[in-house]
Amino acid sequence: MLSDEKLAQQILSGDTAAFEELMNRYKKSIFTIAYRMMGNYHEAEDICQDVFITVYNKMYQFDSSKKLGPWIHRIAVNTCISTLRKRNKVVAISFDETYVPGNDLELNDLYEDPHLIIERQELKTEIESALMELPESYRIVLILRYQLDLKNQEIAEIIGISRENVDVKIHRARKALRKTILKRWNGGELKNELPAL
Amino acid sequence: MNCQHYRDLMFDYFEGALDSPMQDEIKLHLCNCEFCRRQFELTEQEDQILKDTSDIPEFSDAFNSSVMAMIKAGAGNSQIIVMERKPRFRWLPAFSKASIAAILLLSCLYVPGILPHFQNSKTPQQAALIKNSLTPPASILPQDSIKEKTGTKQLADLNAGAGIETQDALKKESANDITSSSEQLLQNETQPDVFMAKNLPDSDNPSENGTQGGTAPAAGETSRSLQSSLRFAGINNNPSIYNIPDGFVLKETNNISETQVAYSYEDPSVQKSFVVNVFSANPVAEIKAAEDQSVIKAKEPKTIELDNIAALNNKSNRTIEYNGAAWQITVTGNMSQEELDRIAGEISLEPLSSQP
């Protein structure tokens with residue numbers, strides 16, 4: 001099987017079959033990113049189309065000394081953010097740090113009686129809903145890390161930050177996710193006897 | 001360690017980022033602390049759900065074809081062209097770009113008409129120099145070469161040898177423009193805008209046409225095309241050839257370079273043909289001839305197929321002085337040396353502009 005980078009060369013020489021092969025390799029992961037980010041099928045499909053057309057048009061900008069996967073996923077992430085900005089009008093995203101520790105609500109204050117024995121499906125629904133409530137920068141790192149099962153170094157290449165920063169961001173995203181879940185369970189009310197994470 | 005510390009390590013625990021003793025210590029703590037155990041269980045469930053992609057809908061089968069259709073419809077074609085061009089120029093260092101610009105500028109300076117005074121100014125000393133310089137070494141310049149020309153484009157050199165080798169440097173156009181087959185020659189004859197100086201004597205002087213050995217002129221068109229070719233070729237006055245043997249018809253005139261014009265004659269009844277190469281003599285021509293030779297030395301010979309002039313073996317040289325300038329004449333053809341010598345000896349030149 002040809003490497004991604006070889007495929008890129010063939011695409012540059014006008015080989016449309018190579019581009020189809022590239023689509024087959026990446027459409028699932030791109031659709032996953034788009035679907036989790038947008039939360040609906042049709043928008044995700046539109047984004048996938050936009051992503052692949054952008055990939056085709058910008059292929060000449062691809063640095064063949066690097067890996068193609070992170071480059072394509074980065075286009076997907078940027079396209080999702082761009083679409084969300086258009087949809088929500090105002091979405092300020094910074095990958096450097098959007099989650100300020102000082103502004104963290106203490107989970108101790110949120111959690112009362114954790115109903116830990118719940119149905120898995122209920123939890124899944126809660127987590128998915130909570131995920132959609134997270135800031136986009138957190139949502140993206142969680143999607144890349146868990147849905148695409150990428151390494152932190154690969155995530156760093158995609159979103160353009162250091163691997164250490166990705167480590168921190170994933171950790172904070174998980175905490176934010178937990179906080180959101182607990183908030184939903186407790187109807188958004190702050191409680192005093194909550195366990196810390 | 002207290003519970004908070006263990007919970008801080010919870011994500012690392014599920015990431016497998018902790019060493020074995022620490023993992024054992026956490027497990028031991030979870031056995032003893034129900035609250036922490038619940039937290040860990042919740043985190044584990046979160047992990048599993050976050051990794052679960054089973055709810056991602058299946059992709060539409062038509063997705064690939066729809067994207068490809070959009071690309072073929074023009075969503076990406078132009079950029080593909082750009083993607084091949086851009087890096088090419090990015091790699092060029094600045095001095096290369098400057099060199100190309102300088103070469104283009106110098107080329108423009110040599111185009112006749114831009115600096116016509118260079119070509120018209122002649123002194124006896126210059127004429128003598130030209131006379132000496134316009135006889136290039138046979139090993140370098142194929143004097144028996146012919147060049148085709150279609151429209152305003154200068155075409156291929158050709159030579160008379162059986163190997164049909166010629167020098168690339170004399171070409172002003174790319175090899176794609178070179179048409180050498182007899183079929184293309186035939187096509188050229190049928191195109192009205194093709195430069196085909198069938199008859200060198202100008203139509204302004206019809207009385208001389210019949211007596212000088214040429215066939216009837218093409219009523220004015222020849223004159224215009226010839227004038228056009230003169231500007232193009234760099235020979236201010238493309239010389240006319242007179243006293244051509246009876247039966248020979250001018251097939252075409254080719255401006256090989258700025259210093260050389262080739263006239264191709266043919267007698268279909270006896271299947272003989274010869275080519276008269278005339279090397280002009282003026283200061284610009286002298287410079288150009290020297291430059292051409294230096295360039296030719298650096299170029300590899302290029303083979304051109306010529307079906308209809310395969311047997312131009314012999315040649316005869318002669319220098320004609322006319323109007324204060326020296327004109328080197330080379331006659332090449334598929335006939336005996338004696339015949340060629342006779343033709344070369346009888347040929348006369350008269351610049352077009354000097355005709356009454």
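Just so we're on the same page: letters track the sequence lines, and every chain starts at 1.
Atom CD of B:Glu58 has 12 or fewer heavy atoms from other residues, nucleotides or ligands within 6.0 Å.
A donor-acceptor pair is defined here as one N or O able to donate and one able to accept, closer than 3.5 Å; no such pair exists between the side chain of A:Ser82 and the backbone of A:Asn78.
Pairs of residues two or more places apart, or lying in two chains, that qualify as side chain to side chain donor-acceptor pair (under 3.5 Å) and include a residue from residues 14-23 of chain A are A:Glu21-A:Arg25.
When each of B:Thr53, B:Asp12, B:Asn64 is checked for heavy-atom pairs under 4.5 Å with chain A, B:Asn64 comes out on top.
Residue A:Ile181 touches chain B through its side chain alone, counting heavy-atom pairs closer than 4.5 Å. For a residue to count as touching a neighbouring chain, one of its non-hydrogen atoms must lie under 4.5 Å from one of that chain's; by this rule A:Phe31 touches chain B with backbone and side chain alike. For A:Glu45, the parts lying near chain B are the backbone and the side chain together; criterion is any non-hydrogen pair under 4.5 Å.
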Show me the donor-acceptor pairs within less than 3.5 Å that the side chains of residues 32-39 of chain A make with the rest of the protein, sequence neighbours left out.
residue, atom, partner, partner atom, Å
A:Thr32, OG1, A:Lys28, O, 2.8
A:Arg36, NE, A:Gln147, OE1, 2.7
A:Arg36, NH1, B:Asp55, OD2, 2.9
A:Arg36, NH2, A:Gln147, OE1, 3.2
A:Arg36, NH2, B:Asp52, O, 3.2
A:Arg36, NH2, B:Asp55, OD1, 2.5
A:Arg36, NH2, B:Asp55, OD2, 3.3

